[in-house]
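The residues of the chain are indexed from 1 along the displayed sequence.
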Amino acid sequence: MALAEIKLPPGIYRSGTERQSRGRWHDCDLIRWYGGALQPIQGWRQLGSSTLSGHPTAIAVWKDNAGSTQIVVGTHTHLYHSDLGGNLNDISPSDLQAGYATSSALVGYGTGAYNGSWGYGSASTQTGSTGILDATTWSLDLFGQKLIACSDRDGRLLQWGVSTSVDAAEITATSGTVPTANKAVMVTAERFVFALGAGNNPRKIQWSDQEDYQAWLPTSANQAGDFELVTGGKIMTGLRVKEGSLILTSTDAHLASYIGPPFVFSFQEVGRNCGIIGPKAWCVGDSLAAWMGAENFFIYDGYVKPLPSDVNDYVFSDINTQQSAKIFGMALSAYGEFWWFYPSASSNDVDRYVLWNSRENTWAVGNLDRSCGIDSGITIYPLMLQYDATNNTSKIYEHEVGYGYGDIAGASTNAVPYVESGPIEIGTGERYVHVKKLIPDEKNLGDTRVRFYSKAYPTSSANTHGPYSLAEPTSVRFGGREFKMRIEGVDTDSWRVGDFRLDLVPGGRR
């Protein structure tokens, strides 16, 4: 018996051709590597039984001064409050301007710049679009126990003071004028409210006085002010980092650092050609900020750097960029993971994810329809929201709980965690090899099953063998010059898989 160990390094490699992933894991779903071990991502369950109206784009969770947990979700039409039981209250302002559930191409009169290309009264022969009307997104942040919010469709700065009997309301000014037609809002670590893309100026940041989100008139006695970034892009979002407030535009990155009066903030360009693909495509965790660009991932750890990825080809070659406003990121700090959810090229809604483990520098991919989410900490479990476009409703789910994978849009059966290798060759692949037995390396024998796909040549059709329920040893009989191995979860519980071994009999070269 000649035993060959199938020892594949952690993480998915999905760039270039499938053959370039030989000796690596090539595909997976609901799988992570943690502590060097291959294991399933935990499942989810609905928080309560209520549904929200509209497409959700942001969620905020915090403890108020009384120690109660507050959950607020913004959809394209509403602002909702939820308790830990999933009981909902609509706290939308009565005059909230409803937004758009999905992005659409702009075509027609008023879409582009006037250039006299077509005669007056003549129908245009233009069939392409000249722009995108983005799906509506919310930005939610905290000023003490109060929520500060902005829908980029409504454009006003709103505040809500944790009473479910009172709706969120537009912030009123005690001095100056609160900017309107804003892209987003954030609260700095020094407790300034930043209006981003203020007053419909895509490069302008305007801020209130420190500790007073109602004072907007700059005077010698306060620190209110504004600044217009020197950038060719447009402000997309802002996030707190340990060095200050990181402002991400469609083309570059700027750091706002508090320096006190008279200038209050200094603004420094810290990265070029590193724009974010959408206003929600960022996450912060493990002392890092990370975001998805149009063709690459980036991190900020005091410096902006490209983040090399083993799955770039897979992600960026099959993504619906028209729906980039729906892409969102979130961190799962318990695992050191950064997740991005995005719509594939054939979908108008989020249906896929890609995750990067920052501690082990591994990547994984999968299929999951989630529209926004937030890490655990205030709540026991991370929270994510699923959107049902058919009914225009959403549900809140607790994640990383149990091992149930039901209720995925478009799926007729529950998902099964799996991982599949790229081509595996014995030697240089010149010999035909007969595989007789498999010796598994599994924490609890029988928690998984295995399939093999064998080929005589790289371009020939694959033969499927299995699935095999694992025993020690497991009898398997197939042959080929190369093969792929697929491991699937069977038990709805935690499982761990190590390095399998195969009993091989070499054949001839022909």
Side-chain angles (χ1 to χ4, degrees), residues 60 139-144 146 148 150 157 171 175-176 178-179 182-199 201-276 279-293 297-307 329 331 338 358:
S139 48
L140 307 176
D141 212 338
L142 300 175
F143 194 95
K146 287 195 172 184
I148 306 295
C150 179
L157 301 187
I171 294 175
S175 67
V178 181
N182 304 295
K183 171 71 174 179
V185 67
M186 70 170 293
V187 179
T188 75
E190 303 81 19
R191 289 170 62 88
F192 292 86
V193 173
F194 270 18
L196 305 176
N201 182 335
R203 299 173 182 83
K204 185 178 181 180
I205 302 170
Q206 186 172 344
W207 61 88
S208 67
D209 191 15
Q210 189 176 30
E211 299 284 356
D212 188 352
Y213 59 77
Q214 293 182 288
W216 292 86
L217 179 66
T219 71
S220 58
N222 70 21
Q223 298 184 74
D226 62 80
F227 187 84
E228 189 166 335
L229 295 181
V230 180
T231 176
K234 59 181 180 180
I235 295 174
M236 302 289 280
T237 191
L239 48 147
R240 287 186 296 276
V241 293
K242 61 183 178 181
E243 294 82 7
S245 300
L246 189 64
I247 310 300
L248 300 178
T249 81
S250 55
T251 59
D252 46 29
H254 301 254
L255 183 68
S257 303
Y258 178 68
I259 57 175
F263 300 109
V264 188
F265 286 94
S266 71
F267 292 85
Q268 178 186 5
E269 183 185 66
V270 292
R272 294 184 179 181
N273 301 317
C274 60
I276 190 168
K280 312 303 293 185
W282 59 271
C283 37
V284 176
D286 276 7
S287 300
L288 292 172
W291 63 95
M292 179 189 284
F297 297 94
F298 297 92
I299 61 171
Y300 176 82
D301 59 359
Y303 300 92
V304 173
K305 306 170 186 175
L307 174 60
F338 293 76
S358 63

* Any ring pair (Phe, Tyr, Trp, His ring centres under 6.0 Å) pairs touching residues 219-245, not counting sequence neighbours? -> Phe227-Phe267

* Are the side chain of Gln206 and the backbone N or O of Leu196 linked by a donor-acceptor pair below 3.5 Å? -> no

* Any idea which heavy atoms bring Thr251 and Gly232 closest together, and the distance? -> OG1-C, 4.2 Å

* To do: Ignoring hydrogens and angles, tell me if any N or O in the side chain of Arg203 forms a donor-acceptor pair with the backbone of Thr231 under 3.5 Å.
  => yes

* Return yes if a side-chain donor-acceptor contact under 3.5 Å exists between Lys305 and Tyr300, otherwise no. => no

* Asked: Side-chain contact, heavy-atom cut-off 4.5 Å: Ser257 with Glu243?
  -> no

* Is Ile259 close to Phe265 at the side-chain level, that is, under 4.5 Å between some pair of heavy atoms? -> no

* Residues, nucleotides or ligands: over 12 heavy atoms within 6.0 Å of Arg191 CZ -> yes

* To do: Could you check if a side-chain atom of Ile148 sits within less than 4.5 angstrom of a side-chain atom of Leu140, using non-hydrogen atoms only?
  => no

* Structure fact -> The residue among Phe263, Tyr258, Trp216, Phe194 that forms ring pair (Phe, Tyr, Trp, His ring centres under 6.0 Å) with Trp207 is Phe194

* Under 3.5 Å, is there a donor-acceptor pair between the side chain of Asn222 and the main chain of Thr219? -> yes

* Identify the heavy atoms of Met236 and Pro279 that sit nearest to each other, and give their distance. => O-CB, 3.5 Å

